[in-house]
Amino acid sequence: MTASDSRNTSGTSGFKAPREIILAFNGLRLPMPHDWDIVSMGKRYLCLGPDMHPALELKWEPISGSFSMKKHMKRVMRTYGRGSKVTFHGPPRNGDGTDAGIVFFDWSVGEAHGEGGILFDTDSSAALVFQCNAPFSLDSPEAKAIFDGLHLQHNPIRQWRIYDIQADLPDWLSLDTFSFAPGLFRLDFTGPQNLKFHLLRLGPASMILEHTDLSDWAGNFFATLHPQHGIQLTSPRFGDENGVISLDLSGKTPLAERIVPWRRTHGIFLARHEDETNRILALAASARRPLDMQPLKDIFARYVAIPQNKDTSGH
């Protein structure tokens with residue numbers, strides 16, 4: 001179910017949908033108007049709008065066990081706090097007594113006001129709360145296009161598409177932290193059995209590789225990912241296959257050397273230079289056990305940089 005399934009959008013019939021950028025982040029996928037920006041973001045939060053104006057905010061979370069729309073409605077009201085006004089529209093339950101999949105509301109805090117809604121998706125077992133900040137409205141063509149294409153992902157392989165990078169990642173990777181700083185994008189994940197997994201995008205590649213090559217850069221950069229562990233590489237092995245530099249290593253920390261000499265860190269670092277976008281894409285993974293390399297290499301093969309028509313020079 002999407003917001004536009006239940007919302008009366010008769011005033012938008014015959015509209016021409018704006019050109020879109022597909023945005024996919026941590027389980028949420030939606031089309032964003034090409035002239036909109038990501039204003040701010042969290043692990044399960046996006047704030048979007050034109051010219052860095054916060055027009056639409058989305059917050060989602062997985063639901064364990066049964067979902068209660070009434071509990072979510074109360075939580076939304078607490079979020080706005082004292083002095084606010086939140087008015088829900090329509091019954092929160094279906095005719096058969098089950099929770100409805102979506103409820104809309106109007107909100108106001110001082111002079112600020114707008115619309116919003118709570119959506120529960122049964123396929124992904126996730127709830128989404130969205131807020132429109134006036135003058136942006138759910139009846140606008142932009143909102144119609146966004147909510148028609150909005151999707152809470154539930155497949156074992158989930159798409160990530162943010163700024164100019166795209167990857168297909170398994171659902172057993174859980175996002176820990178992220179950073180989109182100029183010159184360096186970084187997404188840090190954890191996986192089963194204490195797996196540490198990183199996706200990186202660096203650029204401009206021409207500047208990074210001006211006085212070195214990709215092999216030397218890869219060897220130096222891997223050690224910076226875990227400086228707190230002080231990993232000492234004991235058996236690095238480099239490979240260059242189809243333009244991909246790989247570093248397969250086994251190492252151990254100085255502390256582990258003294259306390260548990262046999263406890264080792266196993267890791268892999270993959271990197272390639274994307275000529276068209278002038279970027280370096282890299283994948284790093286480490287664990288206390290030998291890694292199954294092929295799934296990681298398959299992920300890296302589908303990790304790409306997307307040429308952007310919109311000016312993204314700031315990133």
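Remember, it's a predicted structure, so these values are computed and weren't measured experimentally.
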CD1-CD distance between I22 and Q159, expressed to the nearest 0.5 angstrom | 7.5 Å
Any sub-3.5 Å donor-acceptor pair from N220's side-chain atoms to D216's backbone N or O?
-> yes
Strictly by modelled atom types, are Q294 and D298 linked by a side-chain donor-acceptor pair under 3.5 Å?
-> yes
Counting N and O atoms only, with roles assigned by atom type, does the side chain of W107 sit under 3.5 Å from a partner on the main chain of C132, one being a donor and the other an acceptor?
-> yes
Could you state the interatomic distance from CG (D188) to CZ (F178), rounded to the nearest 0.5 Å?
-> 10.5 Å
Say whether, by atom type as modelled, one donor and one acceptor occur between the side chain of W60 and the main chain of N26 under 3.5 angstrom.
-> yes
N/O donor-acceptor pair under 3.5 Å between T212 side chain and L209 backbone | no
Grab the two heavy atoms, one from T277 and one from A305, that are nearest each other, plus how far apart they are.
-> OG1-CB, 3.5 Å
In chain order, what residues pass the salt bridge (Lys or Arg N to Asp or Glu O under 4.0 Å) check against E57, with sequence neighbours excluded?
-> none
Is there a donor-acceptor pair closer than 3.5 Å between any side-chain N or O of T87 and the backbone N or O of F105?
-> no
Is there a donor-acceptor contact under 3.5 Å from the side chain of S125 to the main chain of T122?
-> no
Indicate yes or no for a side-chain donor-acceptor contact from D121 to the backbone of A126 under 3.5 Å, with no hydrogens or angles considered.
-> no
Could you tell me whether R201 and D164 make a salt bridge, using a distance below 4.0 angstrom between a side-chain N and a carboxylate O?
-> yes
Rounded distance [0.5 Å steps], NZ in K43 versus CG in D176 | 5.5 Å
Compute the centroid of each ring, for H72 and then for F120, and state whether the two points are separated by less than 6.0 Å.
-> no
Between F269 and W217, how do the two ring planes meet: parallel, tilted or perpendicular, split at 30° and 60°?
-> tilted
L291 side, atom CG; S286 side, atom OG - distance, nearest 0.5 Å | 7.5 Å
ILVMFWY network linking L169 to M41, side-chain heavy atoms under 4.5 angstrom | yes
When rounded to the nearest 0.5 Å, the distance separating CZ of R186 from CG of L200 is 6.0 Å
Using modelled atom types only, decide if a donor and an acceptor are shared between the side chain of Q131 and the backbone of L56 within a distance under 3.5 Å.
-> no
Should we say atom CD of E276 is surrounded by more than 12 heavy atoms from elsewhere, each under 6.0 Å from it?
-> no
Return yes if some donor-acceptor pair links the side-chain N/O of E115 with the main-chain N/O of L138 below 3.5 Å, else return no.
-> yes
With no hydrogens and no angle check, is any side-chain donor or acceptor of D213 less than 3.5 Å from a backbone partner on S215?
-> yes
State whether F300 and R272 meet the cation-pi test: NZ (Lys) or CZ (Arg) under 6.0 Å from the six-membered ring centroid, and within 45° of the perpendicular axis.
-> yes
So F130 and F147, would you call those rings parallel, tilted or perpendicular, with 30° and 60° as cut-offs?
-> tilted
Under-4.0 Å salt bridge between E61 and R75 | yes
So how far is it from I118 CD1 to I102 CD1, rounded to the nearest 0.5 Å?
-> 9.5 Å
List in chain and number order the residues that pass side-chain contact (heavy atoms from CB on, under 4.5 Å) with M207, two or more places apart in sequence or in another chain; answer none if no residue qualifies.
-> P204
Side chains of D123 and H154, donor plus acceptor under 3.5 Å = no
Using the ring of each side chain (for Trp, its six-membered ring), is Y163 parallel, tilted or perpendicular to F180, with breaks at 30° and 60°?
-> perpendicular
For H113 and D106, what are the C-alpha separation, side-chain angles and deciding distance, and is it a side-chain hydrogen bond (donor to acceptor under 3.5 Å, both in side chains)?
-> CA-CA 8 Å; H113 63 94; D106 294 321; over 6 Å; no
